[in-house]
Amino acid sequence: MSALPAAVLVSGNGSNLQALIDASADGSIDCEIRAVVSNRPGAFALTRARRADIPAHVLEHGRFANRSAFDAALAALLVPYAPRLLILAGFMRILSAGFVSRYAGRMLNIHPSLLPAYPGLDTHARALADRATEHGASVHFVTAELDAGPVLVQGRVAVRPGDTAESLAERVHEVEHRIYPRAVGWIAEGRVECRDGRIWMDGAPLPAPVRL
Ligand code: GRF
């Protein structure tokens with residue numbers, strides 16, 4: 001079987017991108033990252049892509065008149081790479097419903113919380129403010145509603161006394177780098193599918209997110 005063609009959308013540091021690049025390169029997942037696109041020109045993720053000889057594109061959202069113009073340009077940019085999976089890895093921009101439906105069941109995101117808890121921003125600070133005892137990260141399929149698509153896998157961390165948003169973020173990042181390649185690997189192996197808003201794993205509906 002040939003490797004799963006994928007493209008990765010980024011906005012920042014790209015440590016999740018790096019985890020996916022590394023897992024693809026060492027053969028632990030059968031994925032070919034064909035392109036990386038950032039909406040921010042200064043994103044270090046672009047450097048990571050170039051170091052790995054992956055075409056790296058910048059599409060500055062500020063240069064587009066509106067969201068649908070940006071999304072149309074993004075869709076056009078991706079066409080030649082024919083990604084079967086679109087991977088959002090720290091992509092800090094909401095995609096329009098039209099764009100999302102084009103990639104329905106073929107777009108993944110990673111979010112730094114145990115969804116449905118804490119969609120949106122500042123998840124670590126919010127978990128601390130609530131005195132949560134557990135926190136973590138979720139990999140989910142993307143739907144038009146922000147951070148609300150079906151969750152495939154979650155990784156948990158215990159909140160420790162004295163944790164700050166930074167210390168918690170660091171441990172959540174480690175979890176992210178572990179679970180995101182696993183999720184992509186399952187899709188590459190054909191073990192996971194998302195149809196009509198429902199995740200199937202090994203031929204059966206997934207009753208709850210996999211815990212890793
Ligand atoms: C991660 O915490 C991810 O969950 C969130 O954005 C952050 C991206 O980090 N969506 P990086 O750019 O992959 O290092």
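Hydrogens, waters and symmetry mates play no part in the numbers below; they use all other heavy atoms, side chains included. In each ligand, atom 1 is the first atom listed, and ligand 1 is the first ligand listed.
- Listed by chain and residue number, the protein contacts of ligand 1 are N13, G14, S15, N16, G90, I110, H111, P112, H173, E176 (heavy atom within 4.0 angstrom).
- The closest side-chain donor-acceptor pair between H177 and S15 falls under 3.5 angstrom.
- A salt bridge links R63 with E60; the closest basic N to acidic carboxylate O contact falls under 4.0 Å.
- Y118 and D130 are linked by a side-chain donor-acceptor pair at a separation below 3.5 angstrom, with hydrogens and angles left out of the test.
- Both V37 and F99 are members of a single hydrophobic cluster when ILVMFWY side chains are connected at heavy-atom separations under 4.5 Å.
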Evaluation steps, side chain to side chain donor-acceptor pair (under 3.5 Å), between R48 and Q18: CA-CA 7 Å; R48 297 181 190 270; Q18 191 67 56; 3.2 Å; yes
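- Under the 4.5 Å side-chain criterion, counting only non-hydrogen atoms from C-beta, V139 is not in contact with N109.
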